[in-house]
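Right, one structure below, let's go through it.
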Protein chains: 2
Amino acid sequence: MPTWTIHHGDALAILPALTGPADLVIADPPYNSGGRTASERTSMDTRTKYVSSGSARKGAQHDLAGFAGDNRDQRAFTVWLAMVLTGALRLAAPGSSALVFTDWRQLPATSDALQAAGWTWRGVVPWHKPTSRPRPDGFRPACEYVLWGTNGQPYRHAPTVYLPGLVSGSQPRGHGRRHITQKPVDVLRQLVQVCRPAGTVLDPFAGAGSAGVAALAEDRSYIGIELTEHYADIARQRLAGWQATGAD
Amino acid sequence: MPTWTIHHGDALAILPALTGPADLVIADPPYNSGGRTASERTSMDTRTKYVSSGSARKGAQHDLAGFAGDNRDQRAFTVWLAMVLTGALRLAAPGSSALVFTDWRQLPATSDALQAAGWTWRGVVPWHKPTSRPRPDGFRPACEYVLWGTNGQPYRHAPTVYLPGLVSGSQPRGHGRRHITQKPVDVLRQLVQVCRPAGTVLDPFAGAGSAGVAALAEDRSYIGIELTEHYADIARQRLAGWQATGAD
DNA sequence: AAGAATAGTGAATCTACAC
DNA sequence: CGTGTAGATTCACTATTCT
């Protein structure tokens, strides 16, 4: 029976206190890349930045809380993310994997942070969002990216698993949506397969706990860390509800 | 009536002699990323490096020539590609685009080169290859990437065009295959749409001329540069054949 | 329907060289 | 001359797609 825990606090403070081992680190950090100017990136709040114009700016359809930690410049982002991933590597079992979400703008910085932290970069899995907004006279920004790294040689599964090179799924909408940058559980369930069966998933940026739902659904245990108390509570309620009812 | 030219020689030598303007620069450079050891990367020929064990190594069906320029280390790759893209930017009309192919390993270096050369990075379009090789206990390396940059503010089309955020297509096989790293014409035709209608596509690494076929098919003119005389000849024959018969 | 291909990779084996 | 190590080479392997 897989178990779960949500810690409330800063990943940099919580990670050194944990003991592990973790068999998969799945991280969805604040991308620090929304907004077009430096001042927009560092001063705007996350609701204004990430919710497309027409909703949050002029009276919204949804009323999701913002989140902290999204106002670093690119150098600070790289160093900060490397520190978090270093803390996660300390807990990671040999052969375990790290999966780090990023967008196209921060992909190079994220790959630097992953490797600076000591993980071996093994590949990139694009996440295709079919419902992304079209862009006039240009290529639609339809993908985010999952960077895959391992702690040494990758864990050998028995039986061998073959995982996709591209995942597809739309962001949750309506009342299933709990966080501005929420990832679909279907996508996360595919990604969690790289974790050792019955192993433990460590998530330093738990948000509303989608990775936890995916982990439990795939029979992995889950340890989440979330900075914003509001979301830590939401994640706890959601995971408790999942274990009680099997529904999200 | 769109026109075409293939120049035989090194892009760094040919680009300064051209006058332009170009409305789209499409570049498929040698990725310099195959091989696992330093000596494999720098000494192995491209056929041995990229054609998988079952074919070229033990008696192949196809017998494609190798190509030059695939033995740089990553720093040299970055600097060299930046030089080529700088030469291309000089010819690029204001608002024109650059599209640069790369793989996941070289994506960060390629984005550095694109921006160092003075292009504004606008996005990434993953190219999904359905026939990619599976990878045991990991995520299949199923995508290559197209980096999109512009010379200043992007050209505004009239009427507005909406381009995909993800392209999919398999490498040509059988007798339609002329180059080890050939890109599918269907994919290139989608990408060429970002070029001003009836504009000119500049291709510093023409290879077997697939981008030229795509350009002509979409009513754009084409200027290609190819280092290997063997492939320059193939590209000339192919483009002449396309204009004569409308078939590839 | 059968066969062959894939901008690979991990493990096993072999080789060269220093001590 | 045996031994250990690093680097190079060879081998085996895989699932989806395309001819």
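Atoms considered below: every heavy atom in the structure, side chains included; atoms not considered: hydrogens, waters and symmetry mates.
B:Trp121 is linked by a ring pair (Phe, Tyr, Trp, His ring centres under 6.0 Å) to A:Trp104, counting only residues two or more places apart in sequence or in another chain. Residues satisfying the ring pair (Phe, Tyr, Trp, His ring centres under 6.0 Å) test with B:Tyr145, not counting sequence neighbours, are none. Applying the side-chain hydrogen bond (donor to acceptor under 3.5 Å, both in side chains) test to A:Thr200 and every residue at least two apart in sequence or in another chain returns nothing. For B:Trp119, the ring pair (Phe, Tyr, Trp, His ring centres under 6.0 Å) criterion is met by no residue, not counting sequence neighbours. In this structure A:His157 satisfies the ring pair (Phe, Tyr, Trp, His ring centres under 6.0 Å) test together with A:Tyr155, sequence neighbours excluded.
Between B:Leu64 atom CG and C:dA7 atom P there is a gap of 12 Å when expressed in whole angstrom units. Taking atom CH2 of residue A:Trp121 and atom P of nucleotide C:dG8, one finds them 14 Å apart after rounding to whole Å. The CZ atom of B:Arg47 sits 14 Å away from the C1' atom of C:dA5 (whole-angstrom rounding). To the nearest angstrom, C1' of C:dA5 lies 14 Å from CD of B:Gln182. The nearest whole Å value for the distance from the CZ atom in B:Phe139 to the P atom in C:dT9 is 15 Å. Rounded to whole Å, the distance from NZ on B:Lys129 to C1' on C:dA5 is 13 Å. Atom P of nucleotide C:dA11 and atom CZ of B:Arg135 are separated by 11 Å, given to the nearest angstrom. For B:Phe67 and C:dA7, the CZ to C1' distance is 7 Å, given to the nearest whole Å.
At a threshold of 4.0 angstrom between heavy atoms, the contacts of B:Asp137 with the nucleic acid are absent. When heavy atoms are screened at a 4.0 angstrom cut-off, A:Pro164 is found touching no nucleic acid atom at all.
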- [ ] Indicate for each nucleotide in nucleotides 14-19 of chain D, in 5' to 3' sequence, whether protein heavy atoms under 4.0 Å reach the base (B), only the sugar-phosphate (S), or nothing (-).
- [x] SBSBB-

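The side-chain heavy atoms of B:Leu163 and B:Trp148, taken from C-beta on, include no pair separated by under 4.5 Å.
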Hey, what are the protein-to-nucleotides 12-15 of chain C N/O distances that come in under 3.5 Å?
none

Between the protein and nucleotides 5-7 of chain D, are there any N/O to N/O pairs under 3.5 Å, and if so, what are the atom names and distances?
none

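The heavy-atom pair separating B:Leu147 from B:Thr102 by the smallest distance is CD1-CG2, 3.8 Å. Contact between B:Pro136 and A:Arg156 at its shortest, heavy atoms only, is CB-NH2, 3.8 Å. The two atoms that bring B:Thr181 and B:Asp28 nearest to each other are O-OD2, 3.9 Å, heavy atoms only.
Distance noted for atom P between C:dA7 and D:dA12: 23 Å (whole Å). Rounded to whole Å, the separation between the C1' atoms of C:dT6 and D:dC13 comes to 13 Å.
Sorted by first then second residue, the side-chain hydrogen bond (donor to acceptor under 3.5 Å, both in side chains) pairs that include residues 82-94 of chain A, not counting sequence neighbours, number zero. Residue pairs satisfying the salt bridge (Lys or Arg N to Asp or Glu O under 4.0 Å) criterion with at least one member in residues 69-87 of chain B, sequence neighbours excluded, are listed as follows: B:Lys49-B:Asp70.
A donor-acceptor pair shorter than 3.5 Å cannot be found between the side chains of A:Asp112 and A:Thr78. Side-chain atoms of B:Gln182 and B:Gln171 include no donor-acceptor pair closer than 3.5 Å.
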Open item on the list: As a check on the pairing definition, encode DNA chain D in dot-bracket form, counting Watson-Crick and G-U wobble pairs whose two distances are under 3.5 Å, and using | for partners outside this strand.
Closed with: .||||||||||||.|||||

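Across the interface with DNA chain C, nearest-nucleotide mapping of B:Tyr31 and B:Arg36 shows B:Tyr31 to be the residue nearer the 5′ end.
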Would you mind writing out the side-chain donor-acceptor pairs for residues 201-211 of chain B within the sub-3.5 Å range, not counting sequence neighbours?
| unit_1 | atom_1 | unit_2 | atom_2 | d |
| --- | --- | --- | --- | --- |
| B:Asp203 | OD1 | B:Phe205 | N | 3.1 |
| B:Asp203 | OD2 | B:Tyr222 | OH | 2.7 |
| B:Ser210 | OG | B:Arg238 | NH1 | 3.0 |
| B:Ser210 | OG | B:Arg238 | NH2 | 3.4 |

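Between C:dA7 and B:Arg177, no contact under 4.0 Å exists linking OP1 or OP2 to a side-chain N or O.
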